[in-house]
Amino acid sequence: MQNNLVIVESPAKAKTIQKFLGTDFKVLSSYGHIRDLNKKHAGIDVENDFTPNYEVPADKKNIVAELKREAKKASIVWLASDEDREGEAISWHLSEVLKLKPEQTKRIVFHEITKSAILDAINNPREIDINLVDAQQARRILDRLVGFELSPVLWKKVKPSLSAGRVQSVAVRLIVEREREIRNFKPEASYRVVAVFKVPEENGRTVELKAELNKRIPTYAQAKELLEHCASKLFTIKDIKKSPLKKNPAPPFTTSTLQQEAARKLGFPVARTMMVAQKLYESGRITYMRTDSVNLSGLAINASKETILDKMGEKYLKIRKFTTKSKGAQEAHEAIRPTDMHTTAITGSAQEKKLYDLIWKRTIASQMAEAQLEKTNVHISIDGVDGYHFVATGEVIKFDGFLKVYRESFDNHQDEEEVPELPTDANMLPPMKVGEVLPFANISATERFTLQPPRYTEASLVRKLEELGIGRPSTYAPTISTIQNRGYVVRGDSEGETRVFKRIVLTGDGLGEETDTESFGSNKGRLVSTDIGTVVNDFLMAYFPNVMNYNFTADIELTFDEIAAGNKKWTEVLRNFYTKFHPNVVSVENMKMEHRVGERILGNDAETGLPISVKIGRYGPVVQMGDPDAEEKPRFAQLQKGQSIETLTLEEAHDLFKLPRIAGEYEDLTVKIGVGRFGPYIYHHGKYVSIPKTEDPLKISLDTCIELIEAKRKADIEKHIKSFDEEPELEILNGRWGPYISYQKSNYKIPKSVEDPKLLSLEECLELIKKQEKGTAGKRKANARAAANKKKAKTATKKKATTKKAAAKKTTTKKTAAKKTAAKKVVAKKVVAKADTTKE
DNA sequence: CAGTGAGCGAGCTTCCGCTTGACTT
């Protein structure tokens, strides 16, 4: 019996393939890349032809060890990673690390996970394509060089811990530039004229017909004049034009289009879409969710065909092949589709069901007939008035086709009124004849403002990045997290402003006028650049325009393609880039700057005459009053929410120094108002109370402060459910997620089975704590690794910081083997808290 | 959760793309 080892990238895939291949083959997964550049600058020997120094990261050691063991036992190792640049490199790294001999190694690829495709692949093995591997090495090393040389420049010139990179910096640029466009946008008003006509029907009733004037009217006076004219005019149907209209279904989902549609239709953030999709993939419901291909396998097309014939009939069927048009697509996988089209609904969580349904519909629709519509345009003239006429439009579905199951959504322009995407009954026009004269019910002219450019949502940013060929399906969601974690971009939470608009209405009784209000400029849930993002972007744009160029990635991809084709040497490509890039970095690093990057001098303070400036401080945007060289030290104040370095005025800056201030006394103790890391607060009797957004900390009265203090006290009492005299450190509290136990600074869940937490005894509480401690014990090892991330420890309370830092440090030195990984902020914080309690 | 920030200074931060876990007080 032959001993075969097959290595794929994903464990879920390994499981499926194992079933096809039987016991002669053992199928294992590499879990993606198994090697990466060393974290230190030694990761690349620039002097020596960019020789990369690869190492197996700590969290891959176990997997590599297992693969080594199995490879030793196997007579043939089949490297079956994906058929793209990264996949080829994974195979190469595997063959290097596992020390595979050429005669025992075979490289295979398949595009769909079916028995026949896999057997076919096994029958057609090839060798590793070293040119493709070199293209990947060039990509990897270039990204490292850019990221690890630019970031330190930012630490030095702007603020520590910032980052720059080929993908993220361009993503930030898109958002910064959009925000500037919005800031410079001046809305222009014009009047939109809509008439409601009365169309008589045969039964004697009348039906209303809405029609819009062919042009907008620029001014109020002109709009009024036109309406006055209309009062005495006749309206005649001049023309009725019917034209057929076809609509085609959208192609099957890729990562990017799935993220967009799930955001629009289900309201999912891109990270959630990916999590739910991963679940569906692992349970075998859908194909791989990180793909840029719109291709469907023959199997999927066949199953779709059967389903359509079975459920809807032959006239709904139309087999289609879609081709990718996105830049830089590598198409190592299929489109995202259900593994079995016959399964129309699944069991699982509500989110899983919804996402599956969306994928199923999109896939089936892609193999369905086009929809046939009829569009009607009615031209209604105003007798005796030239240049103006009314237009009524209607759309009727003649044959629904794919619309029977799926309608693609489109981003509505922000602030725009909802436009129905497709015909509804309201779009049906009543029967009419050319030459018919129509009376009107009313004609109105409504003031409308031009709309500012829309801010990006997570999903629309992904679409833009994909369009520019920047980033990959596996990185869209992480990139969006990164730029938010660095503080370059935030999700907006402002409702926007309101404005008044006018409306003139003509009815049978004559001309009337009214005003109304509308809100505009909301940025809720949309991506907004911060001061830090703006300053970093402007800095990079000024000194590293090449890397910031929207075409940088696309251009460099072309040279990677050249490497893959064997026409260029990867070291040459890197040298070409680096000999220009590196000196640029060095010169910017050594550049003497008169002011801090992004600093704005506002002028001199009216009261003190001291100079005032705004800039990025160590903790974010800050105003400074005074000269650091002067005898008297400068004063600092943090900018408030909604203020920005770019727009802050001298007066606003001056006001910021009015805090902290004493508002008065309450219960014989001073009431102080200040502004901290988390916004404005009231300090009284050793306690802090947040000041809500609706109050201005500069103007808030003592009475309001007292109200807030009392409200906080009441909330604190309600928060407290129970405590025990014997154990003052243990409390039952009411939190955001319901009641929980707080004990020695750690929190513990109360299971849902407990009906009334008030009735819990001390023993029961300790029991619950013990149970949960046990559960976390196993995770400590992983946590210790994250503890190496000391920087986050610093953000802990100042008072506790010193002891905590020491504790965290101890953990790291003890477990030196577990080197720091890119631990997430949340994880790191938690670990620090635990380091105190978990002494081993 | 909280009021910091130009005396010293060591050592830290950081990239993009492959993959999955562990995690919600």
Side-chain angles (χ1 to χ4, degrees), chain A residues 8-13 29-37 39 41 43 59-60 63 81-82 84-87 89-90 93 136 139-155 159-169 278 282 290 332 470-475 478-479 482 486 617-620 622 624 627-629 633-638 659-660 672-681 683 687-690 733 735-738 740-742 746-749 772 776 778-779 782-783 788-792 794-798 820 822 824 826-827 830 833:
Chain A
V8 295
E9 288 182 41
S10 135
K13 210 169 169 179
S29 150
S30 74
Y31 292 78
H33 275 294
I34 53 147
R35 266 207 316 192
D36 193 14
L37 295 171
K39 276 274 183 197
H41 202 65
D59 57 337
K60 287 292 168 67
I63 294 150
S81 47
D82 298 344
D84 59 6
R85 203 161 62 199
E86 298 296 326
I90 289 174
H93 281 301
Q136 192 274 347
R139 197 281 304 156
R140 178 68 193 92
I141 291 169
L142 180 115
D143 281 338
R144 166 61 65 87
L145 290 171
V146 170
F148 275 35
E149 293 211 4
L150 284 188
S151 299
V153 178
L154 294 179
W155 306 340
K159 194 171 103 78
S161 302
L162 294 176
S163 66
R166 175 176 58 82
V167 173
Q168 59 167 286
S169 296
Q278 174 95 25
E282 282 168 15
R290 290 188 275 264
I470 297 171
R472 305 276 314 128
S474 68
T475 59
T479 300
T482 301
R486 298 274 173 275
R618 217 191 309 172
Y619 305 104
V622 72
Q624 174 182 310
D627 196 331
D629 301 328
K633 274 191 190 168
R635 286 180 65 196
F636 294 92
Q638 171 194 294
L659 294 174
K672 200 161 79 174
I673 292 163
V675 57
R677 262 216 299 155
F678 304 99
Y681 62 87
Y683 180 77
K687 284 203 166 129
Y688 295 93
V689 182
S690 295
L733 300 173
R736 249 210 288 173
W737 290 282
Y740 66 96
I741 301 168
S742 163
S746 290
N747 298 322
Y748 302 89
K749 274 189 284 195
Q772 288 174 46
T776 50
K779 292 165 196 160
N783 286 344
N789 204 335
K790 270 174 285 172
K791 192 243 144 189
K792 313 286 173 196
K794 278 187 205 160
T795 60
T797 325
K798 250 281 166 81
K820 63 234 151 202
K824 278 190 192 145
V826 213
V827 182
K830 188 160 290 164

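First the proteins, then the strands, lettered A, B, ... as listed; each starts at 1.
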Mind checking if [X] touches a base, just sugar-phosphate, or nothing, with heavy atoms under 4.0 Å?
{"X": "Val146(A)", "value": "nothing"}
{"X": "Leu162(A)", "value": "sugar-phosphate"}
{"X": "Arg140(A)", "value": "base"}
{"X": "Gly674(A)", "value": "nothing"}
{"X": "Thr482(A)", "value": "sugar-phosphate"}
{"X": "Ala89(A)", "value": "nothing"}
{"X": "Gln136(A)", "value": "nothing"}
{"X": "Thr475(A)", "value": "base"}
{"X": "Gly165(A)", "value": "sugar-phosphate"}
{"X": "Gly87(A)", "value": "nothing"}
{"X": "Pro152(A)", "value": "base"}
{"X": "Ser151(A)", "value": "base"}
{"X": "Arg618(A)", "value": "base"}
{"X": "Val622(A)", "value": "base"}

Handout entry: Canonical and wobble pairing (Watson-Crick, G-U, under 3.5 Å) of DNA chain B, dot-bracket with |
Key = .........................
Rounded to whole Å, how long is the line connecting atom [atom1] of [X] with atom [atom2] of [N]?
{"X": "Arg290(A)", "N": "dC16(B)", "atom1": "CZ", "atom2": "C1'", "value": "14 Å"}
{"X": "Leu659(A)", "N": "dA2(B)", "atom1": "CG", "atom2": "P", "value": "19 Å"}
{"X": "Ile90(A)", "N": "dT19(B)", "atom1": "CD1", "atom2": "P", "value": "7 Å"}
{"X": "Gln624(A)", "N": "dA6(B)", "atom1": "CD", "atom2": "P", "value": "10 Å"}
{"X": "Glu86(A)", "N": "dT19(B)", "atom1": "CD", "atom2": "C1'", "value": "12 Å"}
{"X": "Arg144(A)", "N": "dT14(B)", "atom1": "CZ", "atom2": "P", "value": "12 Å"}
{"X": "Ile141(A)", "N": "dC16(B)", "atom1": "CD1", "atom2": "P", "value": "16 Å"}
{"X": "Lys39(A)", "N": "dG11(B)", "atom1": "NZ", "atom2": "C1'", "value": "16 Å"}

Could you tell me whether the side chain of [X] has a donor or acceptor atom within less than 3.5 Å of a complementary atom in the base of [N]?
{"X": "Ser161(A)", "N": "dT13(B)", "answer": "yes"}
{"X": "Arg472(A)", "N": "dC16(B)", "answer": "no"}
{"X": "Tyr31(A)", "N": "dT20(B)", "answer": "no"}

Exercise for the section: Please list, chain by chain and in numerical order, all residues satisfying salt bridge (Lys or Arg N to Asp or Glu O under 4.0 Å) with Arg35(A), sequence neighbours excluded. Expected result: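 For Arg35(A), no residue satisfies salt bridge (Lys or Arg N to Asp or Glu O under 4.0 Å) once neighbours in sequence are set aside.
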[X]: which residues meet the side-chain contact (heavy atoms from CB on, under 4.5 Å) condition with it, sequence neighbours left out?
{"X": "Ser163(A)", "answer": "Ser151(A), Gln168(A), Arg486(A), Tyr488(A)"}
{"X": "Ser169(A)", "answer": "Ala164(A), Leu540(A), Met548(A)"}
{"X": "Gln638(A)", "answer": "Val675(A)"}
{"X": "Val689(A)", "answer": "Ile682(A), Leu708(A), Ile709(A), Lys712(A)"}

Problem - Syn/anti state of dC8(B) by chi, 90° boundary around 0 - result: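 Base orientation: syn.
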Exercise for the section: Look only at the side chain of Ser690(A) and the backbone of Tyr681(A), and say whether a donor-acceptor pair between them is shorter than 3.5 Å. Expected result: no
Practice task
Using side chain to side chain donor-acceptor pair (under 3.5 Å) as the criterion, point out the one residue from Glu86(A), Lys60(A), His93(A) that pairs with His33(A).
Solution key: Glu86(A)
Exercise for the section: Tell me whether the OP1 or OP2 atom of dT13(B) has a side-chain N or O from Arg486(A) closer than 4.0 Å. Expected result: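 No, Arg486(A) has no side-chain N/O under 4.0 Å of OP1/OP2 on dT13(B).
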